Amino acid sequence: MSTSKTWAAVAVAASALLLSGCGALEDMANDFTPSSGEVEQVAPSPVAEAPISTGEYDLVESCSAFFAGPLVSNIEQSSAMVAAPLDEERTGIVTEISKALGLIIGKADEVSIAHLEAVRAPFDQALDGSIARPKAVIGAIDAYKATCQEAGFKG
């Protein structure tokens, strides 16, 4: 038998084995797939998922909640912390910032949520052990401030 015929025979045999293996896998999968009579119907859970936000604040109120108090200056002063691994003290500060932002997000309008999540993301990354960019924090604050001013916030 020539070399090309040998390789062709090997290819045909390999293909046959592969195809038979696929059929066997399909048979095994069917063994584990429940029939319609075996599937237990479960009633929907009475517990609804919590909404991202209550929407209690409109855009200007959300801006006021963020910019009027000490939170924004605390965030700006602490933004450099996200550029390095956190020690115990910094972890506490970053955690408090993330929680404070979460409280505002829980009442904010949808536009503010997007901006506030962008401010919070680098802090959450740092808490997860990743290094983030402090400029991302400042850029997100600046973008949110511009949106707030366009909406009529005068803070």
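These numbers come from the heavy atoms of this one structure, side chains and all, not from hydrogens, waters or symmetry mates. Remember, it's a predicted structure, so these values are computed and weren't measured experimentally.
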Joint hydrophobic cluster, Val119 plus Tyr57, side-chain heavy atoms closer than 4.5 Å: no
Not counting sequence neighbours, list each pair that qualifies as a disulfide bond (SG atoms under 2.5 Å apart) and has a residue in residues 71-123.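 Output for this query is empty, none listed.
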Just how far is it from atom [atom1] of [X] to atom [atom2] of [Y], taken to the nearest 0.5 Å?
X: Ser64; Y: Ile104; atom1: OG; atom2: CD1; value: 9.5 Å
X: Thr95; Y: Leu86; atom1: OG1; atom2: CG; value: 8.0 Å
X: Leu116; Y: Ile113; atom1: CG; atom2: CD1; value: 8.0 Å
X: Ser79; Y: Ile97; atom1: OG; atom2: CD1; value: 8.5 Å

Test item: side-chain donor near acceptor, Tyr144 and Ser112, under 3.5 Å: yes
Contacts of Arg120 that satisfy salt bridge (charged side-chain N to carboxylate O under 4.0 Å, His left out) - sequence neighbours left out: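 By the salt bridge (charged side-chain N to carboxylate O under 4.0 Å, His left out) rule, Arg120 matches Glu117, Asp124.
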Of all heavy-atom pairs between Pro122 and Val82, which one has the smallest distance, and what is that distance?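 So the two residues come closest at O-CG1, 3.6 Å.
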Smallest separation among heavy atoms of Met81 and Arg90, with atom names: SD-CG, 3.9 Å
Side chain of [X], backbone of [Y]: donor and acceptor closer than 3.5 Å?
X: Glu96; Y: Ile93; result: no
X: Ser62; Y: Asp58; result: yes
X: Thr91; Y: Asp87; result: yes

Side-chain donor/acceptor pairs under 3.5 Å, residues 65-77, sequence neighbours excluded:
residue, atom, partner, partner atom, Å
Ser73, OG, Pro70, O, 3.0
Asn74, OD1, Ser78, OG, 3.3

Pairs satisfying side-chain hydrogen bond (donor to acceptor under 3.5 Å, both in side chains), at least one member in residues 126-138, at least two apart: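 Those involving residues 126-138 do not exist here.
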Can you give the donor-acceptor pairs under 3.5 Å from side chains of residues 145-155 to other protein atoms, not counting sequence neighbours?
residue, atom, partner, partner atom, Å
Thr147, OG1, His115, NE2, 3.1
Thr147, OG1, Ala143, O, 3.1

Quick one: ring pair (Phe, Tyr, Trp, His ring centres under 6.0 Å) partners of Phe123, sequence neighbours excluded?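 Listed in chain order: nothing, the list is empty.
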